[in-house]
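Below is one structure, written out as structure tokens; the observations come after it.
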Amino acid sequence: MKRTHHCNELRPENIGQEVVLLGWTHSRRDLGGLIFIDIRDREGRTQTVFDPSQLSSETFEKASSLRPETVIGVKGTVRQRPEETENPKIKTGNIEVVAENLRILNTAEVLPFIIDDPEVASKVNEELRLQYRYLDLRRPEMARNLQLRSKVALETRKYFDENAFLEVETPMLFKSTPEGAREFLVPSRLAPGSFYALPQSPQQFKQILMVAGVERYYQLAKCFRDEDLRADRQPEFTQIDVEMSFIDREDIYQIIEGLLRRIWKTALDVDIPTPFPRLAYKDALNRFGIDKPDTRFGLELVDMTDEFKDSRFKVFSNTVADGGVVKAINIKGLACATQGQIETMTNHARSFGAKGLAYIKVENNEWKSPIVKFFNNSEKEALKNKLQIEEGDLILFAADKWLTACEILGKIRLYCADILQAQGKLDVPEDQYNFLWVVDFPLLSFDKEMNRWYSSHHPFTAPVEDDIPLLSKDPKAVRGQHYDIVVNGVELGGGSIRIHQRDVQKLIFEEILKIPPETAEARFGYMLEAFKFGAPPHGGIALGFDRLMAILCKTPSIRDVIAFPKTAKGTDLMTNSPAPAEPKQLRDLRLEIKKGKEQ
RNA sequence: GGGGGUGUAGCUCAACUGGUUAGAGCGCUGCCCUGUCACGGCAGAGGUUGCGGGUUCGAGUCCCGUCACUCCCGCCA
């Protein structure tokens with residue numbers, strides 16, 4: 001039996017044809033004297049009919065004993081379904097295949113979970129789905145995710161090819177550069193005691209490729225980070241990695257906007273408007289309290305520092321006197337917040353080191369609040385005007401250092417948006433995609449505990465040209481030529497224009513980041529050397545391909561768009577990895593395992 | 001490393017304040033059924049309540065420990 005069509009192919013035009021379908025028994029409806037079997041393959045499903053008047057009794061018996069997921073081949077003739085029995089839910093619903101022959105290609109035992117009912121299957125414990133991933137992936141929803149991922153990857157390659165990019169593979173066995181994320185180490189057998197590291201990203205290689213004159217590079221690159229997992233973070237993941245020579249930031253924006261336009265059109269048939277808005281890091285924090293804002297809804301932060309700098313309410317005025325700010329947010333319609341919800345918000349504030357959370361509930365034309373008695377009339381008037389306070393509003397305040405105050409209210413903004421959405425008071429449209437570029441990040445951030453500066457992005461990011469003189473004078477004021485691409489509150493990717501002058505790079509390593517020259521030489525010496533021999537100006541970006549696919553597949557977890565993902569503890573429940581190594585393997589590597597507490 | 005949630009039949013869930021023989025739907029087994037498509041009908045089987053310990057006359061339920069999954073914080077240059 002050779003397959004003639006797939007299971008989502010037959011249409012009324014095929015009526016009368018003799019066909020062979022191969023696939024899995026999706027569902028069986030045995031009416032006693034007549035049996036319907038839906039045969040399913042990765043493309044879809046087709047109804048076959050077993051009518052005893054048209055087949056041998058053995059074949060009919062065989063059909064009546066089929067279990068779900070048995071692999072079968074059905075030979076038969078396509079015919080129009082009788083009137084009133086069409087099934088508009090499936091694309092092959094106008095026809096059916098009258099079976100003449102049935103071959104059982106393989107049997108299937110009773111399944112650990114149902115896969116033919118999307119309602120039930122989507123609720124199955126993820127542990128079980130991961131253990132039997134091959135069954136989970138047969139579910140049409142998951143098969144569709146895999147297919148869409150393949151389609152988007154292909155479109156990405158076509159797009160970059162059309163734009164004169166080369167896809168270059170970079171090594172998986174890289175060198176350990178213990179800056180940033182923790183790496184997976186790989187012991188070397190040929191050099192016992194030495195280790196490779198799996199790349200956190202191909203960052204250094206792609207810059208070297210620019211020195212090599214590749215000019216336009218891209219790669220669907222596997223990256224590895226040995227950090228704790230989240231719904232949107234796996235220890236191995238895929239990036240759309242890009243690097244270009246002789247460009248500035250605008251060129252990157254343009255090429256990525258084009259890519260995302262193409263992807264959204266291909267995957268969702270949605271036209272997204274370009275160019276994307278640009279938002280300075282500072283403005284993102286001031287307005288939304290986060291550097292990856294979801295701009296599909298308002299509830300923006302308002303600055304009240306000036307209004308409260310002389311307030312009788314000392315918590316506010318003292319904060320301002322210490323160089324801090326007073327920020328407020330009006331959560332429209334949430335005056336009804338419960339004590340528990342206020343408590344949760346207060347805990348958010350405390351997690352940032354704040355002492356508490358000041359609020360005003362506007363109910364029955366009254367401002368209910370423990371602090372409003374300290375406010376004078378002009379302060380009240382200012383609040384009313386700037387926050388446009390109305391009946392039913394909930395006003396929340398944060399008085400702290402600028403960044404902390406912004407971040408507290410940014411977190412609360414998102415928390416409250418969820419509540420309002422659940423109450424039907426706020427519409428956050430699922431099918432709207434608010435892309436934006438966040439730009440003008442500070443190049444450097446200060447680590448109080450370590451008492452030193454570190455790169456906000458990574459140490460290869462170029463400072464904004466005009467700010468280079470500030471590097472030694474006022475590091476915090478130096479803006480980096482860094483950009484993040486954000487959609488609906490998700491950080492989809494980021495990149496920068498890189499440093500291509502050896503002396504600037506050396507200055508950053510040694511003078512600013514205070515990496516000892518020997519260490520810088522050991523870790524990055526080959527880059528500094530490469531920059532001696534004519535490194536072109538260059539820059540690039542990397543997009544999280546799994547996150548991108550999760551958005552396109554409308555799922556909250558990237559596990560749903562990765563064929564074989566790991567659990568939150570980094571294990572693979574299907575293969576039971578990781579697992580102990582054989583003593584011989586350890587001997588070859590000259591490794592010894594120290595007994596832990598379980599021994 | 002820390003905090004929250006979950007764990008009861010193959011699957012999804014229920015079981016009041018600790019109290020009879022731990023229930024339901026789906027699935028499974030058998031029988032009936034010629035236009036179903038989540039087919040329908042009748043009957044039946046199926047339980048170490050994650051695991052270990054404790055309190056109690058009595059524990060799915062309370063306490064301690066532990067394991068797994070999950071969400072979040074830290075972490076993710």
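Worth knowing before you read on, the calculation uses all heavy atoms, side chains too, and leaves out hydrogens, waters and symmetry mates. Every chain is numbered from 1, with letters handed out A, B, ... down the list of sequences.
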TODO: Locate the shortest heavy-atom distance separating A:Val428 from A:Gln421; write the atom from each residue and the value.
DONE: CB-NE2, 3.5 Å

Open item on the list: Side chain of A:Arg67, heavy atoms from C-beta onward: which of B:rC76, B:rU36, B:rU29 has the nearest atom to it?
Closed with: B:rU29

Task: Pairs where residues 32-89 of chain A contributes a residue and the test ring-ring contact (aromatic ring centres under 6.0 Å, His included) is met, not counting sequence neighbours - done: none

- [ ] Kindly point out which of B:rU36, B:rC69, B:rG1 is positioned nearest to the side chain of A:Arg29?
- [x] B:rU36

Task: Euclidean distance, atom CG of residue A:Leu34 to atom P of B:rG40 [Å, nearest integer] - done: 16 Å

TODO: With the side chain of A:Ala568 defined as its heavy atoms from C-beta on, choose the nearest nucleotide among B:rA68, B:rC71, B:rG74.
DONE: B:rC71

Task: Distance-only donor-acceptor test (3.5 Å): side chain A:Arg225, base B:rC76 - done: no

- [ ] Classify the nucleic acid contact of A:Glu84 as base, sugar-phosphate or nothing, counting any heavy atom under 4.0 Å across all strands shown.
- [x] nothing

TODO: Please determine, for B:rC69, whether a Watson-Crick or G-U wobble partner exists with both distances under 3.5 Å, and give it or none.
DONE: B:rG5

TODO: Check the distance between B:rC33's C1' and A:Phe36's CZ and give it to me in whole angstrom.
DONE: 13 Å

Task: Interatomic distance at C1', B:rG25 relative to B:rC16, whole Å - done: 22 Å

- [ ] Go through the N and O atoms of the side chain of A:Arg28 and the base of B:rU36, and report whether any donor-acceptor pair is under 3.5 Å.
- [x] no

Task: Check: A:Phe524 ring centroid to A:Phe460 ring centroid under 6.0 Å - done: yes

TODO: Provide the Watson-Crick or G-U wobble partner of B:rA15, both distances under 3.5 Å; none if there is no partner.
DONE: none

- [ ] Report yes if the distance between the aromatic ring centroids of A:Tyr415 and A:His348 is under 6.0 Å, otherwise no.
- [x] yes

Open item on the list: It should be established whether A:Thr85 places a side-chain nitrogen or oxygen under 4.0 Å from OP1 or OP2 of nucleotide B:rU36.
Closed with: no

Open item on the list: I want to confirm an ordering. Mapping A:Ala231 and A:Val49 to their closest nucleotides on RNA chain B, which one lands closer to the 5' end?
Closed with: A:Val49

TODO: Test for a donor-acceptor pair under 3.5 Å between the base of B:rG74 and the side chain of A:Arg230, counting only N and O atoms.
DONE: yes

Open item on the list: Here's a test of your reading of the structure: between A:Ser557 and A:Glu83, which maps to the more 5' nucleotide of RNA chain B?
Closed with: A:Glu83

- [ ] Might you point out which heavy atoms bring A:Ala530 and A:Ile208 nearest each other, and give the distance in Å?
- [x] CB-CD1, 3.7 Å

- [ ] Step through the shown structure and confirm whether more than 12 heavy atoms of other residues, nucleotides or ligands are within 6.0 Å of NZ on A:Lys282.
- [x] no

Task: Selection from B:rU36, B:rC75, B:rU34 that lies nearest to any side-chain heavy atom of A:Asp51 - done: B:rU34

Open item on the list: Does A:Arg79 contact B:rG35 through a side-chain donor or acceptor facing the base, at a distance under 3.5 Å?
Closed with: yes

Open item on the list: In the structure I gave you, are the side-chain heavy atoms of A:Val478 and A:Pro442 within less than 4.5 Å of one another anywhere?
Closed with: no

Please list each protein N or O that sits under 3.5 Å from an N or O in nucleotides 5-15 of chain B, with the distance.
residue, atom, partner, partner atom, Å
B:rG10, O2', A:Pro112, O, 2.8
B:rU12, OP1, A:Asn125, N, 2.7

Open item on the list: Looking at every non-hydrogen atom in both residues, tell me the closest pair between A:Asp560 and A:Asn145 and how far apart they are.
Closed with: O-ND2, 3.0 Å

Task: Base partner of B:rG44, which must satisfy Watson-Crick or wobble distances under 3.5 Å - done: B:rC28

